[in-house]
Amino acid sequence: MLKRSHNCGELRNENAGQEIVLNGWISKRRDHGGLIFIDLRDRYGKTQIVFNEELHEDAYKQIFRLGLEDVIGVKGVVVARPTEAINSEMPTGEIDVEVREIHVFNEAEPMPFNVNDRNSASEDHRLKFRYLELRTKELQANLKLRHESAQITRQFLHDEDFIEVETPVLMKSTPEGARDFLVPSRLHEGKFYALPQSPQTYKQLLMVSGFDKYFQIVKCFRDEDFRADRQPEFTQIDIEMSFIDQEDIIDLGTRLTRKLWSETINAELPEQFPVLNYYDALEMYGNDKPDTRFGMELQEFSEFVQQSEFYAFKSVLDNGGRVKAIVAPACAKYSRKIIDELTNFVKQYHNAKGLAWMKAGDNVLEGGISKFFPETIQKDIIENCKVNEGDIVFIIGDDAKVVFSALSALRLEIAKRENLIDPNVWAPLWVVDFPLVEWNEDEKRWDALHHPFTSPNFKDMDKMDSNPGEVRSLAYDIVMNGYEIGGGSIRIHSAELQAKIFTILGIGDDEAQEKFGFLMNAFKYGAPPHGGMAFGFDRIVMLLANCTQIRDVIAFPKTTSAISLMDESPANVDEKQLQDLHLEIIRAKS
RNA sequence: GGGGUGGUAGUUCAACUUGGUUAGAGCACCGGCCUGUCACGCCGGAAGUUGCGAGUUCGAUUCUCGUCCAUCCCGCCA
């Protein structure tokens, strides 16, 4: 074969006169009759190679019938281009390779889509031919960025004395949290392994073992419904440390994040990230992963409602609900139609019953529900909520959950419509002081908000029995531009406290022993205080790559229905395989 | 589980609102011409079960229902 002496991105004027060999794909072909230009591509770049019928007839005759994406090797001489033919857009644009000899490695059938233009096919079509989409410069760049991010992470944690330890992919199914992917056992009839939702229990056991700084870049699996930023299998940077407190983890997580942003995209993040507690995050932004690149925080509105004659909202307050507002800057221009759209938006997606509004004139509020608010109250609103002339105030009154969910979504929707988000800004922050447990109305019991191994905040221990809902946990999330990119907690390292938490969560002794006995037993033999966190690696790379979906940074992603369009998994298996696994398919009766 | 949007040559889209002649165009593909292009250009050609199934109708790409797939969102995701 013709083995390459150079890649397709490196030849320059100073190589002129050299005889070289290039290997690559035919990316573009420009046929002038007797003179054919080819852009030859590999992952390093493109080089224009020239076939001249008069000079090298054999090579010309071969290239004549070749087309896009054929894989070839060419031997030729680097020549400086005539001045008027230099292409300053391309790094290799000052030279050509005059081809004397060509070897065809593989001819390509007509392409299902144009790999020079990622938008030349719909996403499902590109996913079907993912190996071709991966030829596009966007995905080549994304996977390179992903690789670099992993390298930086490994190097950073290695330098910090961490040890990467692999943990099992076949493990025991856990009762709480996301649905597990199950793997039937052949050797043990009727029994199943589960794929890890995270290596949580293993990394805690490694702390017991004395590996006081552990990390792993590891696949995790969750069988839930998917989104632009959620795949059935995804990658975490999993971290656990002993003899540390929350501040240590936040410090380490901050430094790792800063290093990643700095070394991949040259973005300098602040030395310390803002820290917001859970309740403030909820009150100010309506959710626990706020996008703080713009303002428009939620405003308390109940005091104004109390002084108004708007009985719909008064009764909301009487029934224990909340009324909050956001002030959309310079949006008094919104027509009835736009307001209706926004109303539908909060109704449809967030169960709001409606969307109240008032437009700000010169020191007065007009339209919408303004007539229910006396003039003095309007002035209070204008002052307290910092309303400017030309703004519009949107108000929602409902159960706290609906108010927060609808207003936080509306805040983002308006920011999008009004272009309030500067795409060059990075807004990292930590959210801390999550509640330890959350009341599950359907099941009539307390659920762990983070996971059942999360330590309560020791300051709140006195409320553990009387008022578990008010106990804060030592859990924390790291948020970037409205995406949760990581989270973790200080763990429980005492078998007694762990048992107590299981009791609160309604996990009986027998069940706890069966599911987590190994962990609780481990805590009997000298367990260090420990804690850690996990970063969503795909989401981090997605943000660094300036994408909005993690599929763009995963080599072979699945669709939102968890199908791989390329290899068509999941798929049927042979009856024999099912028998080996002691399985029988029960078809749903139609 | 629920809602929004989309599905028409290999591909990206048009025609559908108001059902009616032969379902059009760019790129790709095939043939021809062209010696400095880099979105090369020019001439010609082939290419369609309009996702699938049913219904309404004299007639359905168009209207209705169901279904499948993709995508975005709600629920869900310790």
Side-chain angles (χ1 to χ4, degrees), chain A residues 27-39 46-55 60 65 67-69 79 81-90 92-93 96 108-129 132 174-180 197-198 200-201 220-232 234 341 344-352 402 405-406 409 412-413 434 436-438 440 442 446-454 473 475 484 487 489 505 507 534 536 548-549 551 558-561 563 565 590:
Chain A
S27 179
K28 199 77 193 180
R29 173 193 159 109
R30 290 175 293 277
D31 182 348
H32 288 257
L35 185 69
I36 296 176
F37 298 102
I38 300 279
D39 291 338
K46 288 179 184 175
T47 298
Q48 175 164 280
I49 59 178
V50 187
F51 295 79
N52 193 318
E53 187 174 22
E54 286 174 4
L55 300 179
Y60 179 86
R65 63 185 172 85
L68 295 185
E69 301 301 318
V79 295
R81 293 193 197 179
T83 319
E84 66 277 11
I86 287 174
N87 185 343
S88 53
E89 309 272 294
M90 290 174 68
T92 60
D96 288 325
E109 289 190 11
M111 284 288 113
F113 65 97
N114 179 3
V115 301
N116 292 314
D117 177 12
R118 188 155 176 253
N119 295 319
S120 70
S122 61
E123 185 169 14
D124 55 332
H125 191 68
R126 285 182 273 130
L127 283 175
K128 188 172 174 185
F129 298 94
L132 297 181
T174 50
E176 294 207 14
R179 221 171 273 118
D180 283 324
Q197 297 175 29
S198 84
Q200 184 60 39
T201 48
C220 303
F221 306 86
R222 293 178 191 176
D223 188 4
E224 292 292 341
D225 288 350
F226 304 106
R227 290 283 198 286
D229 63 350
R230 275 162 35 190
Q231 282 271 307
F234 60 99
E341 279 172 23
N344 279 337
F345 173 79
V346 294
K347 276 184 174 176
Q348 193 176 345
Y349 295 127
H350 305 279
N351 290 322
V402 172
S405 137
L412 289 170
E413 176 65 22
F434 282 82
L436 183 69
V437 293
E438 186 180 41
N440 182 332
D442 296 337
W446 295 102
D447 281 347
L449 198 75
H450 186 56
H451 58 53
F453 318 112
T454 301
S473 64
E484 182 200 324
S489 62
L505 296 175
I507 300 173
T548 54
Q549 46 181 48
R551 289 189 297 274
K558 295 190 173 50
T559 67
T560 49
S561 64
I563 290 171
L565 294 176
S590 50

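Chain A is the first sequence line, chain B the second, and so forth, proteins listed ahead of strands; every chain is numbered from 1.
Asn116(A) and Ser27(A) share a donor-acceptor pair across their side chains, judged by distance under 3.5 Å alone.
Distances from the side chain of Thr559(A) to the nucleotides A70(B), G3(B), C38(B) place A70(B) closest. Taking only side-chain atoms of Asn87(A), from C-beta outward, the nucleotide of A70(B), U35(B), C38(B) with the closest atom is C38(B). Closest contact between the side chain of Leu565(A) and the listed nucleotides C38(B), U71(B), A70(B) involves A70(B). Here C76(B) is the nucleotide among C76(B), U71(B), G3(B) with the atom lying nearest to any side-chain atom of Glu224(A). Comparing atom distances between the Glu54(A) side chain and each of C29(B), U35(B), U71(B) picks out U35(B) as nearest. The Leu35(A) side chain lies nearest to G36(B) when the options are C69(B), C74(B), G36(B). Taking every side-chain heavy atom of Gln48(A) into account, U37(B) is the closest of C74(B), U37(B), C29(B). You'll find that the side chain of Asp225(A) is closest to C76(B), out of C72(B), C76(B), C38(B). Side chain of Arg230(A), nearest nucleotide from G3(B), C77(B), U37(B): C77(B).
For Arg29(A) and C38(B), the shortest distance from a side-chain N or O to OP1 or OP2 is not below 4.0 Å. Regarding contacts with the backbone of U11(B), every side-chain N or O of Ser122(A) stays at 4.0 angstrom or more from both OP1 and OP2. Close to U11(B), at under 4.0 Å from its OP1 or OP2, lies no side-chain N or O of Arg118(A). Of the side-chain N and O atoms in Gln348(A), none sit less than 4.0 angstrom from OP1 or OP2 of G2(B).
Counting any heavy atom pair closer than 4.0 Å across all strands shown, Ser561(A) reaches sugar-phosphate atoms only and no base atom. Among the heavy atoms of the strands lying under 4.0 Å from Ile563(A) are primed sugar atoms or P, OP1, OP2 only; no base atom is included. As judged by a 4.0 angstrom heavy-atom cut-off over every strand, Ser120(A) is placed among residues touching the sugar-phosphate backbone only. At a threshold of 4.0 angstrom between heavy atoms, the contacts of Asn52(A) include nucleobase atoms, whether or not backbone atoms are also involved. The residue Lys28(A) sits close only to the backbone: its heavy atoms come under 4.0 Å of sugar-phosphate atoms, none of a base. Among the protein residues, Phe113(A) comes within range of no part of the nucleic acid, since none of its heavy atoms lies under 4.0 Å from any strand. Contacts of Arg81(A) with the nucleic acid, taken as non-hydrogen atoms under 4.0 Å apart, include base atoms.
Nucleotides C27(B) and A23(B), compared at atom P, are 22 Å apart to the nearest Å. G59(B) and C74(B) have their C1' atoms separated by 42 Å, given to the nearest Å. Atom P of G4(B) sits at a distance of 34 Å from the matching atom of G24(B), rounded to the whole Å. Separating the C1' atom of G26(B) from that of U8(B) is a span of 16 Å, rounded to the nearest Å. Between G55(B) and U21(B), the distance separating the two P atoms is 24 Å to the nearest Å.
The residue among Asp96(A) and Thr548(A) whose nearest nucleotide of RNA chain B is located toward the 5' end is Asp96(A).
Nucleotide U71(B) forms a pair with G4(B), judged by Watson-Crick or G-U wobble geometry with both contacts under 3.5 Å.
Using a 4.5 Å heavy-atom threshold, the side chains of Thr201(A) and Phe453(A) count as touching.
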